[in-house]
Participant: 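Mind looking over this structure? Questions follow.
Residue numbers start at 1 and run along the sequence shown. Quantities reported herein were computed from a predicted structural model and do not represent experimental measurements.
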Amino acid sequence: FEYTNHLHRMFMDMNLSADFNSQFHAHLSGKEVSLPHGFSTLILQSGAWPLPQQSPSPFDIPEALQKTITIFGEYYTGKFSGRVLNWLHHLSNGELKMNYLKKPYSVTMTCYQMGVLLLFNTAVEMVYSDIQEQTKLSDRELQKTVISLVDSKILLRHTEGELSSGSLLTLNMAFTSKRTKFKISAAAIRETKEETTHTHNAIDEDRKLYLQAAIVRVMKARKVLKHTLLVQEVISVAKARFSPSVSMIKKCIEALIEKQYLERREGIHDEYHYVA
């Protein structure tokens, strides 16, 4: 029920966001206020979506976007005075037009990538530390952002190895592409040992919850089952998603016994009974 309720709220958010965007633009027309660029947003309930409450890095909104963000924020808080609006800039994207080349290009990119490239409206080259100072992005996020722009050949770098505070970046005035419309992909950064461990632990926890749910379903249907048969049935249920180890299944069975979903048959150690 909780899963379907979340799904219902997610669909509802999408529909309400479309309506709210229409109301916002109608409000601007009525006030004869024009935005400097196109704008639309998704307003999502934090409890319904598997999203973080904040962006992974600080970020100074580019000056070209500040007016729009301010106007929308004022309109939203005017409509919903008790709500808090958290901007997830790392999930935002936009289309930037590059008109400084022999032919114009329309490029879809992340908000972070846009924040970096817009700095080159006033400079042909910048050092990494200046970009970080003006965007306020964390080193990890800025590394990913700059590398993606270098990989796409929109920016050029003049030093090899890892980016450092003194790395010089130049706008590629000779950039060409067969497509006049394209998207820049985000660069992947290798996870640290701590991040890798955290990811693996999170995956293991998710798998344990899935296995516990599968064990309960099997036992609810069968009522009484030998240990070997239960393990085989759980492996059969889970194999479409992953291959669980027997030791993980045993731990899940023990956890369910502690939670009193299952119990061992009296006098029979390898047989389980479902507790309704």
Participant: Around atom CD of Gln66, are there more than 12 heavy atoms of other residues, nucleotides or ligands at under 6.0 Å?
Facilitator: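 More than 12 within 6.0 Å, yes.
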Participant: Within the supplied structure, the quantity of interest is the number of heavy atoms (other residues, nucleotides, ligands) at a distance under 6.0 Å from Lys102 NZ; does it exceed 12?
Facilitator: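 Count not over threshold, so no.
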Participant: Near Gln54 CD, under 6.0 Å, is it more than 12 heavy atoms from other residues, nucleotides or ligands?
Facilitator: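 No - once you tally the heavy atoms of other residues, nucleotides and ligands closer than 6.0 Å, there are 12 at most.
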Participant: Would you say the side chain of Gln113 lies within less than 4.5 Å of the side chain of Val107, judging by non-hydrogen atoms?
Facilitator: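 No, too far: nothing below the 4.5 Å cut-off.
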Participant: Report yes if the side chains of Gln23 and Tyr75 come closer than 4.5 Å at any heavy-atom pair, otherwise no.
Facilitator: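 Touching, per the 4.5 Å side-chain cut-off.
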Participant: Is any side-chain heavy atom of Asp13 closer than 4.5 Å to one of Gln45?
Facilitator: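 Side chain of Gln45 against side chain of Asp13, heavy atoms only: contact under 4.5 Å found.
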Participant: Does the side chain of Met98 reach to within under 4.5 Å of the side chain of Ile154, using non-hydrogen atoms?
Facilitator: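 Yes, their side chains come closer than 4.5 Å.
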Participant: Do Val33 and Ile69 belong together in a cluster built from hydrophobic side chains that touch within less than 4.5 Å?
Facilitator: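 Yes.
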Participant: Going only through I, L, V, M, F, W and Y residues with side-chain contacts under 4.5 Å, is there a path from Phe242 to Ile203?
Facilitator: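 Shared cluster, no.
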Participant: Hydrophobic clustering (ILVMFWY, side-chain heavy atoms < 4.5 Å, transitive) - are Leu229 and Val246 grouped together?
Facilitator: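 Linked, Val246 and Leu229 end up in one cluster.
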Participant: Report yes or no: does Lys67 contribute a side-chain atom to a donor-acceptor pair with the main-chain N or O of Ala64 at less than 3.5 Å?
Facilitator: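 Answer holds: no.
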Participant: Has Thr77 got a side-chain atom pairing as donor or acceptor with Glu74's backbone, closer than 3.5 angstrom?
Facilitator: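 Present.
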Participant: Ring centroids only, cut at 6.0 angstrom: are Phe80 and Tyr76 within range, meaning strictly under it?
Facilitator: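 Close enough - the centres of the two rings lie under 6.0 Å apart.
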Participant: Is it the case that atom CE in Met10 sees more than 12 heavy atoms from other parts of the structure closer than 6.0 Å?
Facilitator: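 Atom CE in Met10 is packed in, count exceeds 12.
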Participant: Look only at the side chain of Gln143 and the backbone of Leu163, and say whether a donor-acceptor pair between them is shorter than 3.5 Å.
Facilitator: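 Answer holds: yes.
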Participant: For the atom pair CD (Glu133) and OH (Tyr128), what is the distance rounded to the nearest 0.5 Å?
Facilitator: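 The distance works out to 13.0 Å.
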Participant: Please check this pair: side chain of Ser129 against backbone of Gly166, looking for a donor-acceptor N/O pair closer than 3.5 Å.
Facilitator: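 No.
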Participant: If I take atom CZ from residue Phe120 and atom OG1 from residue Thr122, how far apart are they, to the nearest 0.5 angstrom?
Facilitator: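 Rounded to the nearest 0.5 Å, the CZ-OG1 separation comes out at 9.0 Å.
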Participant: Quick one: CZ on Phe20 to CG on Asn15, what's the gap to the nearest 0.5 Å?
Facilitator: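 Interatomic distance, Phe20 CZ to Asn15 CG, rounded to 0.5 Å: 15.0 Å.
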Participant: Rounded to the nearest 0.5 Å, what separation is found between the NE2 atom of His90 and the CG atom of Leu137?
Facilitator: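 Going from NE2 on His90 over to CG on Leu137, the span is 12.0 Å.
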Participant: Can a side-chain donor-acceptor contact be found between Asn121 and Tyr100 if the only test is distance below 3.5 angstrom?
Facilitator: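 Tyr100 vs Asn121: no donor-acceptor pair found between side chains.
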Participant: Any side-chain heavy atom of Leu256 sitting closer than 4.5 Å to one from Met219?
Facilitator: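 A side-chain contact is absent here, since even the closest heavy-atom pair is not under 4.5 Å.
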Participant: Are Phe182 and Leu101 connected into the same hydrophobic cluster when the rule is that any two of I, L, V, M, F, W, Y join if their side-chain heavy atoms are below 4.5 Å apart?
Facilitator: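 Looking at the clustering, Phe182 is in the same group as Leu101.
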Participant: In terms of ring plane angle, is the pair Trp87 and Phe72 parallel, tilted or perpendicular, where the classes change at 30° and 60°?
Facilitator: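 Perpendicular, since the angle between the ring planes exceeds 60°.
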Participant: Ile257, Val218: one ILVMFWY side-chain cluster at the under-4.5 Å cut-off?
Facilitator: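 The answer is yes; both residues are in one hydrophobic cluster.
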Participant: Surrounding CZ of Arg241 (heavy atoms of other residues, nucleotides or ligands, distance under 6.0 Å), is the total greater than 12?
Facilitator: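 Open.
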Participant: Whether the Thr68 and His37 side chains hold a donor-acceptor pair (N or O, under 3.5 Å, no angle test) is what I'd like checked.
Facilitator: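 Distance-only check passes for Thr68 and His37.
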Participant: Please report whether the ring centroid of Tyr105 lies less than 6.0 Å from that of Phe175.
Facilitator: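 They qualify: ring centres under 6.0 Å apart.
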Participant: For Ser57 and Lys136, which heavy atoms make the closest approach, and how far apart are they?
Facilitator: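 Heavy-atom minimum between the residues: OG-O, 4.1 Å.
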Participant: When rounded to the nearest 0.5 angstrom, what distance separates NE2 in His227 from CD1 in Ile268?
Facilitator: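 His227 atom NE2 to Ile268 atom CD1 measures 15.0 Å (nearest 0.5 Å).
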Participant: Using a strict threshold of under 4.0 Å (side-chain N to carboxylate O), is an ion pair present between Lys251 and Glu254?
Facilitator: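 Result for this pair is no, no salt bridge flagged.
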Participant: Please examine the side chains of Ile249 and Leu211, heavy atoms only from C-beta on, and report whether any two atoms are closer than 4.5 Å.
Facilitator: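 Answer yes - side chains close enough.
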Participant: Grab the two heavy atoms, one from Ser17 and one from Thr41, that are nearest each other, plus how far apart they are.
Facilitator: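 Looking at all heavy atoms of both residues, the closest pair is CB-O, 4.0 Å.
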Participant: Report yes or no: does Ser236 contribute a side-chain atom to a donor-acceptor pair with the main-chain N or O of Gln232 at less than 3.5 Å?
Facilitator: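 Flag not set: sc Ser236 to bb Gln232 has no pair under 3.5 Å.
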Participant: Around His158, counting heavy atoms of other residues, nucleotides and ligands shown, do more than 12 lie under 6.0 Å from its NE2?
Facilitator: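 More than 12 within 6.0 Å, yes.
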Participant: Would you say that more than 12 heavy atoms from the other residues, nucleotides or ligands in this model lie under 6.0 Å from the NZ of Lys226, or not?
Facilitator: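 Count over threshold, so yes.
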Participant: Using side-chain heavy atoms (C-beta onward) and a distance below 4.5 Å, is Phe59 in contact with Ser92?
Facilitator: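 They are not in contact (no side-chain heavy atoms under 4.5 Å apart), so the answer is no.
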Participant: Considering only heavy atoms from C-beta outward, does the side chain of Ile71 approach that of Phe39 to under 4.5 Å?
Facilitator: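 Side chain of Ile71 against side chain of Phe39, heavy atoms only: no contact under 4.5 Å found.
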Participant: I'd like to know if the side chain of Arg157 and the backbone of Thr159 have a donor-acceptor N/O pair within less than 3.5 Å.
Facilitator: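 Side chain of Arg157 to backbone of Thr159, a donor-acceptor pair under 3.5 Å: yes, one is there.
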Participant: I need the Asn86 CG to Ser55 OG distance, nearest 0.5 Å.
Facilitator: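 One finds 9.0 Å between CG of Asn86 and OG of Ser55.
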